[in-house]
Amino acid sequence: MMGPAHSLSGATAWLGVGAVAAGMGEPMPWPVLLAGALICAGAALAPDLDHKAATISRAFGPVSRALCEVIDNLSYAVYKATRGKGDPRRSGGHRTLTHTWPWAVLCGAGAAAVAVYGGRWGVLAVLFVHMVLAIEGLLWRHARVSSDVLVWLLGATSAWMLAEVLDKPGNGSQWLFEEPGQQYLWIGLPIALGALVHCLGDALTVSGCPVLWPIPVGRRRWYPVGPPKGMRFRAGSWVEIKVLTPVFMGAGGVCAAGALGFFGNG
């Protein structure tokens, strides 16, 4: 899928988690619901770090372009080193390493560690990166015609404001993990979820997605998971724009209402 659909599906996924939590009698504080949805929207772009023409490659100027080059080469090297007898030869690393469940878990765990051990500046760094990505994904038309500096300033301002709100007692810095020193440990969850949602979205497209790696399927270790070929679509096609995007928006609205308790407790 394309960047906007990935980000929207990521935000929807976290709002769905919020609705489930509310249904189980453990509602998220609204700042966690909001911050998590934005983080997940940004994280849903991150697996395309292996693609030099993806939305994320433009997000941080030369830094992100150079990082995409490095990740592409790394992913290609891992593919060549681990491919099974049934896996085809290929010339690049797109939709390999960064499109797997171990990568999603690693990203979530790494971000959580930065937030916990990096203190306030670590939290702000994680929030800043994902706020910029969320802006690039959810507001991509506006982000493309705006200057990079303006997008970065908006990302930095959003990150600072969210951290200020979350730090207030009861607003969620210690949501889910309440022991001393575990503030913001939950921040890795929307990041891992966003990466997994990205993989599921790509699995719906023509090429499929090797999300199960390194678990072998038959003679292939990089098996492209997906529905039957007749049910797949091309990235950026009318199915994505006119069907899936409205579905994500509607589902996100319903989930947000449920997460905030608008449907009552019966």
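Excluded from the calculations below are hydrogen atoms, water molecules and symmetry mates; all remaining heavy atoms, backbone and side chain alike, are included. Note that the coordinates shown come from a computational prediction; the quantities given were computed from them, not determined experimentally.
Taking the centre and axis of the six-membered ring of W103, the NZ or CZ atom of R95 falls outside the cone set by 45° and 6.0 Å. With a 6.0 Å cutoff to the six-membered ring centre and a 45° limit on the axis angle, R90 does not count as a cation-pi contact of Y76.
In summary, R219 and D87 do not engage in a salt bridge, as defined by a charged side-chain N under 4.0 Å from a carboxylate O. One finds no salt bridge joining R58 and E136 here, because no Lys/Arg side-chain nitrogen approaches an Asp/Glu carboxylate oxygen to under 4.0 Å.
Panel note: side chain T100, backbone L97; a donor-acceptor pair is recorded below 3.5 Å. Using a distance-only test at 3.5 Å, with no hydrogens or angles considered, a donor-acceptor pair links the side chain of R221 to the main chain of P214. Listed for the S7 side chain is a donor-acceptor partner under 3.5 Å among the backbone atoms of A41.
One hydrophobic cluster, built from ILVMFWY side chains closer than 4.5 Å, holds both M249 and W14. At a threshold of 4.5 Å between side-chain heavy atoms, the hydrophobic network of Ile, Leu, Val, Met, Phe, Trp and Tyr places W238 and F233 in one connected group. One hydrophobic cluster, built from ILVMFWY side chains closer than 4.5 Å, holds both L154 and V151. By the criterion of side-chain heavy atoms lying less than 4.5 angstrom apart, applied directly or through intervening Ile, Leu, Val, Met, Phe, Trp or Tyr residues, V217 is grouped together with V211 in one hydrophobic cluster. Residues L106 and I215 fall into different hydrophobic clusters, defined by Ile, Leu, Val, Met, Phe, Trp and Tyr side chains chained together at heavy-atom separations under 4.5 Å.
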side-chain hydrogen bond (donor to acceptor under 3.5 Å, both in side chains) for D202 and H99? Distances and angles first, verdict last. CA-CA 9 Å; D202 278 353; H99 288 67; 3.2 Å; yes
Would you sort out whether R83 and R89 count as a side chain to side chain contact (heavy atoms under 4.5 Å, CB included), showing the intermediate values? CA-CA 9 Å; R83 73 185 184 92; R89 294 183 181 276; 3.2 Å; yes
Going through the distances and angles, do Q183 and V116 end up as a side chain to side chain contact (heavy atoms under 4.5 Å, CB included)? CA-CA 6 Å; Q183 295 92 335; V116 171; over 6 Å; no
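For the atom pair I187 CD1 and L166 CG, the distance stands at 7.5 Å (nearest 0.5 Å). The line from CG of L138 to CG of L38 is 7.0 Å long, rounded to the nearest 0.5 Å.
Note on ring orientation: taking the six-membered ring where Trp is involved, the planes of W186 and W175 are perpendicular (angle over 60°, cut-offs 30° and 60°).
The environment of Y223 atom OH is sparse: at most 12 non-hydrogen atoms of other residues, nucleotides or ligands sit within 6.0 angstrom. The environment of R234 atom CZ is sparse: at most 12 non-hydrogen atoms of other residues, nucleotides or ligands sit within 6.0 angstrom.
Remark: the D50 side chain and the Y79 side chain contain no N/O donor-acceptor pair separated by less than 3.5 Å.
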